[in-house]
Amino acid sequence: MTTGSAKVRVRFAPAPTGTLHVGGARTALFNYLYARKAGGTLVLRSEDTDTARSSADSETVIQDDLHWLGLDWDEGPDVGGPFAPYRQTDRRERYALAAARLLELEKAYPCYCTPQELDAERVAAEAKGLPPRYSGKCRTLTAAQRSDLERAGRKPALRFAMPDRDVYVEDLIRGSVHFPAGTIGDFVVVKSEGLPTYNLAAVVDDSEMAITHVIRGDEHLPNTPRQVVLYEALGLAQPLFAHVSMILAPDHQKLSKRHGATAVAEYREQGYLPGALLNYLALLGWSPGDDRETFSLAELVDAFSLERVAKSPAVFDHGKLRWFNAHYVRRLPDAERIALVAQWSAREPRIAALPEFNQPHWRALLDRTLTEHVHTLSELPKEAAAIFDDGFAIDPASADALDPPAARAMLDELAQIAESKLDMSAEWTAAVSRDALSALGARHGIKGRALFRPIRVALTGSEHGHELPLLMPLLGPSRCAARIRRVLAGKDRPPSD
RNA sequence: GCCCCCAUCGUCUAGAGGCCUAGGACACCGCCCUUUCACGGCGGCGACGGGGAUUCGAAUUCCCCUGGGGGUACCA
């Protein structure tokens, strides 16, 4: 943005055939970062030329996912812009113009082959050990033959006449990539239904939308020589290319549903924070060059550069994503975190039904008790439910904590204290503070582990759990009293409900 | 089969000829903190796929092999 060179214009161009996946999200992120860093423009373009699989619904779903992540764009099907329309099915005339030009230049020709014929050809070629490329047989059709086929009702596709020469793709991430002459067959640029294929549409749009940098997934690299040749045939200036490596599953296969969540929406539903996902994704295939690990979006914009994008594919590690999320949850502003913890805990109806659920003080306690123990927000209902399960059984390994007479006497007094203050007042909180509990123990001649272990076992059935000075105010006096009474009564035979 | 890409700890990565007895992060293990758990702090385990070549010197350059991935569609 400080140079006099052409303003950076990049685009994220998903096919609206489903939801936004993590790979697409990372591509979108890199485009976003590059645009923002350069003070350029990010274009969102809907590549919906596969009419069978595309849907308007998917288009909005993907936009929603991008918005949830906190990514925005400057031009697109929803916001418009100087190069509208931004949906490929709304741009048919432009592709038709390009196709007509190709035909006129005799750089493309109609192909009347049926899918079955092409299939048979491919099978035959493979049987002979030849590359399964299109033979180019329609290239030499005479005008008479064409009109015959035409009259027979055949709808032709338009094929590009691949020039017989080497093609070089200059890639910002990979360097110069060489595709030898003869390795690419005549490819279809316009389908028989009249819509362009990806390669033609992308070239026409990237050119007309003045895209300066095409940052996209690695899987498009083999398409790029076809696009390069199209740019040349149409006399159009090429953008710069940058192909980002794929995200792989732990088994090094293509990431798919069978490896767990792949859609951004699934992470949202599982209680991941957008900043955590973004941060994790940014570090897959890119690194700042120093030891920093956590970045806000603004910090990413500041640190990002294409030069630091890795060439090798990256394996998606759910465990590390979880760590990022836990990290982000703990660093949320208090008010925001408390609200989120309450919101997610309320998915457990018994928690939402608690009379104290709406008290701000109680919600803060719930937050402090649970936050350190979860990686994702979706773990909260279960965590919270566990705390409020009054019917717990005593862990046999810990039952001995209830044996000493001094412990029983101490618990009995604690129950009395609880019974005398049957509200959630500050008095109760004070009564179970660390100091107050120590004083209680002193009256019965016990302290430390001998004091806290029986309390914890009586209250939760286990000697492992949350902090007592948090847990007891959270449970409230009457619930604590009831638990202690129940355990004291059934001590010899641990309750089994 | 053919074309293309890639190759450092289990995983994400730093490393652009000597600074590398290869650094950081996640995971794992241990210790500390602590009534418990978690958080946090400290420490440990752990990698340059193989072979040639260039060089005084290679994780870093080149070649071959091997391995992995992608493409080979009238999907993008």
Side-chain angles (χ1 to χ4, degrees), chain A residues 13-17 47-50 52-54 111 113-115 118-119 122 125-126 128-134 155-159 169 171 173-174 177-180 182-185 187-199 201-202 216-225 243 245-246 248 250 252-254 280 283-294 308 310-324 326 330 369-374 398 434 437-438 441 447-457 460 462-469:
Chain A
T17 57
E47 306 215 323
D48 59 346
T49 55
D50 183 350
R53 295 197 301 152
S54 298
C111 170
C113 297
T114 63
L118 293 171
D119 253 10
R122 193 158 28 234
E126 265 169 28
K128 282 191 229 156
L130 296 170
R133 266 188 288 122
Y134 175 64
K155 285 251 185 298
L158 192 67
R159 274 185 195 273
V169 173
D171 189 281
I173 295 172
R174 328 235 151 210
V177 184
H178 174 218
F179 295 84
T183 56
I184 302 170
F187 56 94
V188 171
V189 287
V190 179
K191 308 175 202 176
S192 55
E193 61 169 344
L195 281 171
T197 59
Y198 168 69
N199 285 313
R216 89 236 292 196
D218 212 357
E219 66 273 20
H220 290 300
L221 187 51
N223 271 320
T224 311
H243 287 93
S245 285
M246 304 196 46
L248 267 26
H252 286 83
Q253 299 297 301
K254 205 169 181 172
Y280 174 68
L283 259 19
L284 267 189
W286 172 83
S287 76
D290 53 39
D291 286 344
R292 285 179 295 169
E293 290 281 337
T294 58
R308 297 208 57 85
K311 295 197 272 197
S312 50
V315 171
F316 194 84
D317 181 358
H318 280 95
K320 191 155 186 177
L321 208 209
R322 276 169 63 77
W323 176 81
F324 267 110
R330 287 183 211 111
T369 306
L370 296 178
T371 294
E372 303 282 276
H373 295 261
V374 299
S398 309
R434 220 190 140 85
L437 290 178
S438 291
K447 61 178 179 181
R449 191 168 156 78
L451 166 65
F452 289 101
R453 200 163 87 104
I455 297 177
R456 179 181 299 287
V457 171
T460 69
S462 165
E463 60 189 292
H464 305 291
H466 303 90
E467 249 180 282
L468 286 179

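The figures here come from the full heavy-atom set of this structure, side chains too, leaving out hydrogens, waters and symmetry mates. All chains are named by letter (A, B, ...) in the order of the sequence lines, taking the proteins before the strands, and each is independently numbered beginning at 1.
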Taking a pair as Watson-Crick or G-U wobble with both distances under 3.5 Å, which nucleotide is matched to [N]?
N     : value
B:C9  : none
B:G1  : B:U72
B:G40 : B:C32
B:G17 : none
B:C48 : none

Below 4.5 Å, heavy atoms only, C-beta onward: do [X] and [Y] meet side chain to side chain?
X      : Y      : result
A:L370 : A:H373 : no
A:R456 : A:S462 : no
A:T183 : A:R133 : no

Can you measure A:F179 atom CZ to B:C2 atom P for me and round it to whole angstrom units? 17 Å
Whole-Å distance separating the CG atom of A:L468 from the C1' atom of B:C37: 11 Å
Sticking with atom [atom1], work out how far [N] lies from [M], rounded to a whole angstrom.
N     : M     : atom1 : value
B:G46 : B:A22 : C1'   : 12 Å
B:G40 : B:G57 : P     : 47 Å
B:C62 : B:G70 : P     : 26 Å
B:G68 : B:U8  : C1'   : 15 Å

Would you please confirm or rule out a distance under 4.0 Å between OP1 or OP2 of [N] and any side-chain N or O of [X]?
X      : N     : value
A:R159 : B:C74 : yes
A:K155 : B:C74 : no
A:T183 : B:U72 : no
A:R292 : B:U13 : no
A:S192 : B:C74 : no
A:R122 : B:U72 : no
A:K320 : B:G24 : no

Please work out if [X] contacts a base, only the sugar-phosphate, or nothing of the nucleic acid, heavy-atom cut-off 4.0 Å.
X      : result
A:L451 : nothing
A:E47  : sugar-phosphate
A:N199 : nothing
A:R308 : sugar-phosphate
A:K254 : sugar-phosphate
A:G285 : sugar-phosphate
A:H178 : sugar-phosphate

Looking at [options], which one has an atom nearest to any side-chain atom of [X]?
X      : options             : result
A:H252 : B:C75, B:G70, B:G68 : B:G68
A:E293 : B:C74, B:U13, B:A25 : B:A25
A:V188 : B:C26, B:C74, B:C5  : B:C74
A:L221 : B:A76, B:U13, B:C5  : B:C5
A:R449 : B:U35, B:C74, B:G23 : B:U35
A:P469 : B:G68, B:U35, B:G70 : B:U35
A:Q253 : B:G68, B:A76, B:A14 : B:G68
A:D317 : B:G10, B:A38, B:C4  : B:G10
A:A157 : B:G69, B:C74, B:U36 : B:C74
A:V315 : B:A76, B:A7, B:C12  : B:C12

Under 3.5 Å donor-acceptor, A:D171 side chain and A:V177 backbone: no
A:R308 side chain to A:W286 backbone, donor-acceptor under 3.5 Å: no
[N] base to [X] side chain: any donor-acceptor pair below 3.5 Å?
X      : N     : value
A:K311 : B:A7  : no
A:R456 : B:U36 : yes
A:R174 : B:C5  : no
A:S245 : B:C6  : no

Where A:F324 and A:E293 come nearest, the two heavy atoms and their spacing: CE2-O, 3.4 Å
Salt bridge check: are A:R434 and A:E467 linked by an N-O gap of less than 4.0 Å? no
Select from A:P180 and A:H220 the residue whose nearest nucleotide in RNA chain B is closer to the 5' end of that strand. A:P180
For A:T49 and A:D291, take the nucleotide of RNA chain B holding the closest heavy atom to each; which residue's nucleotide lies nearer the 5' end? A:D291
